Amino acid sequence: MTLTLPFGLLTATLLFWGWRTELWPLALPMALILELAPRVGWRWALGDKELARVIDLTALLWVGALILLFTRYLNQPPLATHLYTLASWFPLLLFPPLAIQRYSTAGAFRLGHLFYSLRRSGSELAGRPLKLELSYFVVCLLAASVTAQPGYLLGAGPLLFWLLIAARPRRYRWPLAVALSLAAGLAAWPLSLGLHRLQLDMEDRFAEWFQDWLVDFDPYRSSTSLGDIGELKLSDRVVLRLKPMPGDWGPWLLRAASYNSYFDGVWLAKGVRFTRLDPQGDGREWRLSNPSDGEIRRLNITLALRRGTGMLPLPANAWRLERLPVGELQRSSLGALKASEGPGLVDYQVEYQPETPVREEGGKFDLALSRREQATLQRLASELGLTGQPPAVAAAKIRAFLLGQFRYSLDLPTPAKGLTALETFLLHKRAGHCEYFATAAVLLLRAAGIPARYATGFSVSEYSPLEGAYVARRRHAHAWALVWLDGRWQDFDATPPDWTGFEEARTPWYQTLGDLWDWLTYQFSRWRWREVTGDKEDNRWLWGLAGLLAAILFWRLLRRQRMRRLPVKKPASVVIPPGAESPFYQILDRIALQRGPRPPGETLEHWLRRIGAWEIAGMTEMVGWHQRWRFDPAGLPREEQQQLARAVTSTNNSPLPYCQACRAGSGSNRDQSAVAGFPAPYLGCRKS
Amino acid sequence: MHRETYAVLLNNLEKIMIGQRRTIRWLLAAFIAGGHVLLEDLPGTGKTTLAKAFARSLTLKFRRIQFTPDLLPSDLLGVSIFDPQRQEFRLHRGPAFTEVLLADEINRASPRTQAALLEAMGERQISLDGQRHDLGEWFFVIATQNPIEFHGTYPLPEAQMDRFALRFGLGYPDVAGEIAVLTAQREQHPLDTLLACADRAALESLRRAATAIRMSDEVSRYLVELVAATRTAPGVAMGASPRASLTLMKTTRALALFDGLDFVTPDHVQELAVPVLAHRLKLDPQARFSGLTAESVASEVLRQVAAPV
């Protein structure tokens, strides 16, 4: 069935959309354009080619919108808000075909205009007309629904109601149609709630996947996978790029945050304070300490910042940052750097002195053992003979113990009964990933009386020829220990050095493609942030492009002088045939339900006779009244209408007789009275 | 009153044409609508009897011509012959000067003779020697042709086909009907005892009443849609003309009159769609070769176009 929208419904829906999404400066002209179409006296004579071009232009519009939103998203996650924005733009993005349809002589788009392949194949499908109006109505309602303000149903309900009432079969009286529509609305209410839940769930999942390439370290807290079971899965998305000075080969441990207190699988930064740093020079240079005479090395680090905020991974003993256009930089008392009010992508240079220590404070938490594992750790410490040893010797023993007797594994084991995950690792399993090694190292060092901390960040060693830089993937996120030796904090990585190989072994075959994609997004992101002057979004290029395209299209249309005057024609109004409210339809519907519908081409009387319904008392009169009501231009007098209604009511309470063929018990019920030589169009009865 | 006239006529004719109510109904509808009829059926199914009985019931003059290949237009229309006694040409009127004309096996005559009938059918007049002779308002041609035998025939051209309002067949009667035919003719042919049962005044009033039958816009649209659909139906080289629409309207009005209604229902249109439209369709040679007939195409069109309920 083709549903024809009542005149004005689309305009009202557009205005509703504009009101909901506060895009009414756009919605008003759009509604006006639609509304004016029947009133202007010209139409564009557009051929198939131009119509296809309109579709192409619409596709370009979509691409532009997607790019715009993607750049916005890179600046300001989460994704969901931008998906909502996109949804709320749907009516705008789909408007050109609708408007062109209204203003062109073609009247309707065909499927072939959408698909180039279909056009070429010359298939029959290509000629199938597209009914844009109804889809557009639904899209407008959808787009209007994505704002958080209440009151959506107050607007959408009446609009849908309008559609349903206007499109109801003519034979139903309007009170029945109203009641049915209301019932449908009530039934849809709980369904919509369920759908809402489903949508929230799907959104979360999608956004989770999409945000994979933005890493974020929490300076206060780091949940480890200690105690989780199964297998650790980390993605291969490239999250950080590093360009060293010539002659510097790495590998580098870039620390993003450090923690001092462990409890049940979670590392916390207790007693941490942040102090604000002041920029130097051009406002993009930051000094962390004063340099000494030692060798100075430089690294270029590029990474994405979520909403311009994030922890900066730095090599140990970094003392100066350059080209870092962030509004605020804070240093924690544990040595981590937190940037905020920055762009979506930072590309900074860090100077560090590998040999010269940078002063950092120690604290009372740097020797604390977690209560649950205290006994095990101290017993292990004494077994290893750590007590009483100089710190350097004890540290070396711990490193030897961990590297010698443990192996790297991404399996997450089930903790043994009565033991914590860390104890299972230390005593039984003796295999785990970096978080196990780092935690064990920190706690064993502390058990030996050496201050230690837990550090997280990246281990960078992979060189990417594609990027021309060292890259850190998400799976290169690493944890290690910091140990206080010789009056400074030193990196103490007790994880078996072959761990990166483990991870690489699981690289999927399509990794190259994934890298290429990462690289492209990175390049785009770089270009997007090429002049990080401020935070203002610069979309002028996009609007300019859209304007240019629109101008080209319009010019082409004008140049061909393809405007054509319309013959003055009244818009076809919906004709309600006379007698549509005849109650006799109830009987016809009932018969059709029981005996199958009337075959096309068979006359009403013949059909009723064949299936035996003609013998129903009063049928002859009812058919007569009904037909007079429907087909006599003079109509049916009021009294006879009432007579018909009464007859229908009484007939409705009686059963239907069997059809002739069924009663005769004969298999063949071909119509004998059909004229020989002419194929009888009549079908057999459908025995119910 | 008109319904009674129709019922009397129907019953009278049914005495002769047993079990042929529909045939009689359609024949009368064509007559009241002022059209002509082409009966297409096998020999011996009662075409001539029907025509004779029809003319006798209506008290109309009846003539019958057997069409043969050597039949000339003058044999049909008449010829002027010089009368030596009166020293002038006298017109000898042919058999076409009648009211009910049975043109038997019309497709056996040469196209020239067939065309001579064309003017008579279309204009109800005959032009001879530059003089027009009016045939009267009751001139009604019942032509027959054999649908099986094509040897030595001249198929009617499309223009002539279009002149016939209806084309239909009689079909064989069922067993009971055929027994009844035997019973009726045991002693004498019932045609001999058939009485006239309608005078010209009654016919005139029927025709006048038919023009007063109403037709709603919806039914008109359905009718036109049906006719238009034959023009785009697959396998059709040439569809039905607007003349077909006109004929369908006139004949359905007659049917409504017979049913005692003063308006046309879609049922009437459906009833007459195939006999009115089928013979006007010219099929693609390819479609014909693949077994399609004009009737099957018209029936399909009837199935495709949604009728108002």
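Please read all numbers here as calculations on a predicted model, not as lab measurements. By convention in this document, chain letters (A, B, ...) are assigned in the order of the sequence lines, proteins followed by strands, and residues within each chain are numbered from 1. Values below: all heavy atoms of this structure, side chains included; hydrogens, waters and symmetry mates excluded.
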Need one label for A/Arg598: side chain, backbone, both or neither, based on atoms under 4.5 Å from any heavy atom in chain B. side chain
Which answer fits A/Tyr585, side chain, backbone, both or neither, if we ask what part of it has an atom under 4.5 Å from a heavy atom of chain B? side chain
Who wins among B/Asp262, B/Val301, B/Val264, B/Val305 for the most heavy-atom pairs under 4.5 Å with chain A? B/Asp262
Largest heavy-atom contact set with chain A, pairs under 4.5 Å, which of B/Leu42, B/Asp217, B/Val309, B/Val219: B/Val309
Donor-acceptor side-chain pairing of [X] and [Y] below 3.5 angstrom:
X: A/Glu602; Y: B/Gln270; value: no
X: B/Ser296; Y: B/Ser299; value: no
X: B/Glu300; Y: B/Gln304; value: yes

Given ring pair (Phe, Tyr, Trp, His ring centres under 6.0 Å), test B/Phe263 with A/Phe631 step by step and report yes or no. CA-CA 7 Å; B/Phe263 58 93; A/Phe631 302 118; 7.5 Å; no
